[in-house]
Each structure stands twice: as C-alpha cells, then as structure tokens.
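Before any comments, here is the structure.
Numbers here simply count residues along the sequence, with the first being 1. Every number for a ligand or one of its atoms is a count from 1 in the order of the listing.
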Amino acid sequence: MSNYHIKHLEEYFQVYRKSVRNPEAFWEEVAEEHFVWLKKWDRVLDWDFTKPEIKWFEGAQLNITVNCIDRHRHIRGQKTAILFEPNDPNEEAEHITYNQLHERVCRMANVLKDKGIKKGDRVVIYLPMIPELAISVLACARIGAIHSVVFAGFSSTALATRINDCGAKMVLTSDGSYRGNKTIDLKAIVDEALNDCPDVETVLVAKRIDSKIKMKDGRDEWLQPLVDKAYADCVPEIMEAEDPLFILYTSGSTGKPKGMMHTTAGYMVYTAYTFKNVFQYREDDIYWCTADIGWITGHSYIVYGPLANGATTVMFEGVPSYPDFGRFWQIVEKHKINQFYTAPTAIRALAKENLDFVSKYDLSSLKVLGTVGEPINEEAWHWYNDHVGEKKSPIVDTWWQTETGGILISPIPFSTPTKPTYATLPMPGVQPALMDENGNEIKGNPADGRLCIKFPWPSIARTIWGNHQRYKDTYFSAFKNKYFTGDGALRDEVGYYRITGRVDDVIIVSGHNLGTAPIEDAINEHPAVAESAIVGFPHDVKGNALYGYVILKETGETRDRDNLRKEINQQISDKIGPIAKLNKIQFVPGLPKTRSGKIMRRILRKIASKDTSNLGDTSTLLNPEVVEQIMKEAL
Ligand code: WT7
C-alpha cells in the first residue's frame, strides 16, 4: 500500500482511516519519503485552534525550490517543466526544461538579491501569465522573500491596497499584457498605484508587448538586461518549516482584502500530495490548469504542486474565447493534454456556444477533468462529461479555498465513483464536520449543515498578514475548536459531500433554508436560460423572498417574458418545491462578476432590496456597466 499514490477505492479508505487515526504518523511518512530536507523536523504537529496556532514539521529546514526544481535535474533535467502557450495561437509555444527553469529562477533570484531583497522581504508580483510570473514566484522562494501575487486584472486601487497592506519594497510587472485581441497597459496601472505606495523602492519591468512606457528614474528598470548579467546559479536560502512562503489576498464579503499567509513545509507537502492523487499524474503526462497564477489555484496547482512532482505544467496566457471558442480544445489537441483543470464558469460559457467548437478537435489524450471555484451545476457537469470527457474521463469536482492552500474534498479519479455536483470525499488527513444552527456537529447521514474542519491539515493558512485577530474572528470563532469554511454542505447517504454555496447565500424563506445553488440549477435547466443568480430580499410575510436574475440564451430572447417567468417557476416547483419559487424574475444581459468569475451577490442583494444608494466596494468588479443596466431595469 502506498500512502502517496492512491490507486483504488479500497486503498483510499485504508489510507484515509490511517490518516485520521494518526495524522502525525501519516504526514510524517509522506514528508519523509517524498521530499528533500536539509534537516528533518523535531515535531510533526503542534496546534491549538483556540489561539489559533498551527505548526507543521517544526524544526525542519528546507527550500521549496530545491524540491520543485533542483532535485529533478538529474532524473528529468531535459523534461519540460513549464510549457508556455501564448495568447496568439500563431506564436510558438515555449518549452522550459527543468534545467532551464533552474537557470532562469537562479538568475532572477540573483537580480532580486542585487536589488537588496532579503529573506522575509515582501515582493508584489503583478504580471500576466508569461513565464516570468512563475519564475518570479520561484525566485522569491529561492531567496526566502515572501511573494504576494496580485492578479493582473486588478485595478490600480486594488493593487495599491495590497502593496501597502503587505509592505512590499519591490514590484515586478511588465510593460503590458495580451488578452485576446486586446492589449492592457499594465505598467500604467502600476504607476498609478504607486502614487499611493511610498515604500516601494524598485519596479522591475518584463517586456511583453513592446509598448512605449514611462520609466521612473531611480525606481523602474527593465528586467531582461539585469537577468542577462546575473549569475546563473543561486544557493537556496535555508528556510525553517514555518517561515512564510507567500501572502495571497482574498476578498472578504466586506471591507478590506485578507492577506492569507501560507508557510513553507506543510504547504509544500500538502499541495504535492494532493496534486499527485487528485490528478493521478504519471511521469509523461501533460497537465493543464487554466487558472491564473494570481489565484491560489495557480499557486498550488500550476506552480508548486506540479513542479514538486516533476510534472509538465502548462501556462496559458490567453482567454477561452480567442481567437474563437474552440481555443481550449485546440490547445488540448495541440499539446495532448492529459489532465485539464478549469472553472464551472468557463464550462458554462463554452457550453453556450456551438458544439462544433469542441467536436472538431481530438480530445482523446484527456484522462482527468477537474473543476474548482464554485459549485458546478448539473447541466454544466453533464456537458463537460459528455462533450469534453466523452464519458471516459472522470470529473474531479475539487472543493477548497485560498485559506486551505490545497484541495480538501475531491474524488480520486478511477477510485472514487463520481456523482454530478458532489465533491464527494475528503482527502486523507482532512476531517470535515457539518454543524447545525446551535453549534453542534451533525453526526450520521444524510446531513445538511455548515462545513467545518476539525483537525489541521498541513497547508492551512497560518494567519491573516498583520491581523491575527481577524483570522481568529473569521475562521475560528463561529464554532468552538473548529475551522469554519463559510460554506454550507450536504452529506448524502454514503457520506459524499456536496458544497451548496456560501452560507451567506443561504436564504431563509418562511422558515425554510434554501440554498441558492440548487435553485439556480433548476432554473438553468430551462432550455431558454443561460445563467442565473438568486438573492433574498425582505418580505413582510415570508421574512425573505427570492429575486432571480436570469440571462437568456439567444433562443429565449424572442419569447414572451411572462410565459417564461411562469415556466421558470414551474421548473423550480418541480425540482425543489413551491417554497423555492421566485417572487420576482428580472431578465438581465449579464451578472456582476468579480475578476475571478464569482457573482457579486452583495450587489444583486442591494438591487433586489432597492437599497442602491451605496453599493460598497466595487473595485474588483469586472463589468460595472452590467450593474448600471440591471439597476435601471430593476423590478
Ligand atoms: C470558495 C473559495 C480554491 C480555489 C478557487 C476558489 C467556493 C471552491 C468549490 C467547489 C463548490 C466551491 C467555496 C469556497 N468553491 N471550490 N468545487 N464546489 N464551491 O478559491 O476564491 O478562496 O473561494 O469557493 O464557496 O469557500 P476562493
């Protein structure tokens, strides 16, 4: 039996039981057998959720880049580590081998050092999906600098807030980025942000779009000439197990973003372990995660997890719709992708388009399909399964969070039988609990409650940068001695979990708990509907009533609106019950989304309750024009 690589269901249960009976022994064995350490730990785990304080592998010393790069060189030095697929399909893809990655990371690390960056300093990285992004992340880790990647779609205000919150001295950026047929002037956004960031001393600029940009004397420099001059080897900094590796901001439901801080050893062990098992990666596979490295998915499952396993990981610069809606599938065919990991929002967008975009490509290389980021609705799940996986590739619906560092609940493909919309079973070492309104754990199946985790896993975030109290309040105060995820979940008869959505999206109508996701699923199954979002609004009798925002497919546009409303409510009635029927249905051209693709329900709630005088922080909103229109036509 192998703890590290689970190959069938029986083995999963055995490993899982072992991991829960004795988590320390379980993780110690994984850490011992699959990573290189400069010094082993004195103690595997020390934890106290009441403080909260969590320490894994204390006393150990390591460098994560040695595990992600150096140790692979003698066995797979010529293997492609990073496969870069540019925005423009006519531009050649770039294969960066493990040997080349070593050199490029070392050179970049030496550039950072030359500019005065030391262990513990924060470096903000605001780069598009080009190789320099992954290389910068790894270069920081090489010298013990704490990277904080800010997604290069964020505005200058959002960027400035993050730079100041973590106290970065340096920003790495590029002259611009490509996005479909558009270019974006990233450097100008940085310049604007830096008007409010007095502590930034250095800005290094990668050249991507060759645009004319302003360089501020004494602060800004082109990156490439410095890299060319730098020495091609860099001794890795010795890191303690609990030294910070990175800070990554995640938006809270309100207020200022939370800088989730992740540390070195536990994060490495957990992301590597889950990558191997969730994607069943084999030596010659080509793995592609379509996320941006600006999100946790990119950190854990484009950079660290895959590289720690010596994988070939694809970095895609472009968008799914350029030059047309077949781009993803064209890339799958071109690079013979074996594991493909994307978000439900992308699947839904592509499922709206003509099937020819999918069927004209050879997708036979695919073995495992993944989704992450939000509940996947049944219709999207089946479309993905039928048309992309051709019913042969298991879908891993992976549930996790920025805070969790790695995947906590997911099927293990070829072992765990999948079930549409279910993330299924916890990873080894993960102990979920469903809690009722009174703070008690609901034992037995089926169950429906708030999702908590009872025991630490190695990659849990250790704090919110600069605000430990907020960390405690947000995650460890709602339920005693448990990490509270903020999500609701169901557990079915066999113990499979289905994430029903944020608990703040649960709406209580006439005393009944209604999750938004199942209602939206029901609506989306109507043939005329493309997408929908449900929010609650105050109601005299029911407490809350339901307001639905519905995007129609082109085929629905010509239909009579009142008939459509009736049919949608009938559909909900049929699928869930009359209690879930909507009081109001507004047909909209789009939904307000964050840049990570999440619906901003906060705004929809305000519009539904006619409280639009102050919409709150909209800096992460991707499509403000849609909000204007929804407000104008609100019911
Ligand atoms: C929230 C975390 C983890 C990387 C991307 C999102 C929702 C995430 C699923 C899933 C249902 C999911 C949860 C979670 N979520 N994955 N498979 N099924 N919901 O990271 O931005 O930190 O968001 O995303 O609500 O709490 P994030």
Side-chain angles (χ1 to χ4, degrees), residues 149-151 153-154 246-253 257-262 267 270-271 274-275 278 289-305 341-348 369-378 380-381 384 395-411 416 418-427 430 432 450-453 457 459-461 464 474-475 478 483-490 496-506 515-518 520-521 593-601 620:
V149 183
V150 177
F151 173 61
F154 272 120
F246 65 86
I247 299 164
L248 185 62
Y249 287 87
T250 180
S251 39
S253 27
K258 299 175 284 193
M260 303 315 306
M261 189 188 91
H262 284 279
Y267 176 82
Y270 193 80
T271 53
T274 47
F275 173 76
V278 170
C289 164
T290 69
D292 192 289
I293 293 175
W295 311 118
I296 191 70
T297 307
H299 283 58
S300 303
Y301 300 109
I302 295 177
V303 182
Y304 290 115
Y341 191 26
T342 197
T345 181
I347 297 167
R348 286 195 299 266
L369 301 176
T371 80
V372 61
E374 53 180 322
I376 181 164
N377 50 307
E378 198 143 354
W381 195 98
Y384 200 28
I395 294 177
V396 290
D397 177 354
T398 65
W399 173 83
W400 57 299
Q401 311 175 294
T402 305
E403 295 85 339
T404 69
I407 295 164
L408 295 196
I409 302 181
S410 168
T416 320
T418 59
K419 176 174 176 182
T421 76
Y422 280 75
T424 76
L425 297 171
M427 287 286 113
V430 174
R450 289 158 191 246
L451 180 60
C452 287
I453 315 288
W457 60 100
S459 65
I460 182 174
I464 291 175
T474 312
Y475 305 105
Y483 167 81
F484 176 45
T485 65
D487 283 326
L490 304 174
Y496 275 17
Y497 288 88
R498 178 189 183 172
I499 313 302
T500 44
R502 302 296 304 182
V503 186
D504 17 24
D505 294 337
V506 166
T516 50
E520 289 162 3
D521 269 3
K593 293 216 172 149
T594 64
R595 289 166 197 278
S596 56
K598 286 207 171 59
I599 298 168
M600 265 200 181
R601 290 174 194 278
T620 59

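Ligand 1 has no N or O atom lying under 3.5 Å from any N or O atom of Thr297, backbone or side chain. Between Asp397 and ligand 1, at least one pair of N/O atoms sits closer than 3.5 Å.
Here the closest heavy-atom approach between residue Tyr384 and residue Gly370 is recorded as OH-O, 2.9 Å. Across every non-hydrogen atom of Leu490 and Thr500, the tightest pair is CG-CG2, 3.7 Å. Among all heavy-atom pairs drawn from Tyr301 and Gly406, the shortest one is OH-CA, 3.3 Å. Counting all heavy atoms, side chain and backbone alike, Pro426 lies closest to Tyr497 at CD-CE1, 4.1 Å. Between Thr345 and Glu374 the shortest heavy-atom distance is N-OE2, 3.0 Å.
Trp400 counts as a contact of ligand 1, since one of its heavy atoms falls under 4.0 Å from the ligand. Within the structure, ligand 1 has Gly373 among the residues with a heavy atom less than 4.0 angstrom away.
For ligand 1, the atoms sitting less than 4.0 Å from at least one non-hydrogen atom of Thr402 are 20 (O), 21 (O), 22 (O), 27 (P), numbered in the order shown with element in parentheses. The contact set between ligand 1 and Ile499, taken as ligand atoms under 4.0 Å from a residue heavy atom, comprises 11 (C), 19 (N).
Only backbone heavy atoms of Thr398 (N, CA, C or O) come within less than 4.0 Å of ligand 1; its side chain stays farther off. With a 4.0 Å heavy-atom cut-off, ligand 1 is reached by the backbone of Glu374 but not by any atom from C-beta on.
At the shortest separation from atom 11 (C) of ligand 1 among protein heavy atoms lies Pro375 N, 3.1 Å. Scanning the protein for heavy atoms near atom 21 (O) of ligand 1, the closest one is Lys598 NZ, 3.1 Å. Shortest contact from atom 14 (C) of ligand 1 to any protein heavy atom: Asp487 OD2, 3.1 Å.
Aromatic ring centroids of Trp399 and Tyr422 lie 6.0 Å or more apart. For Phe484 and Tyr475, the distance between ring centers is not under 6.0 angstrom.
Under the ring pair (Phe, Tyr, Trp, His ring centres under 6.0 Å) rule, His299 has a single partner from Tyr304, Phe246, Phe151, which is Phe246.
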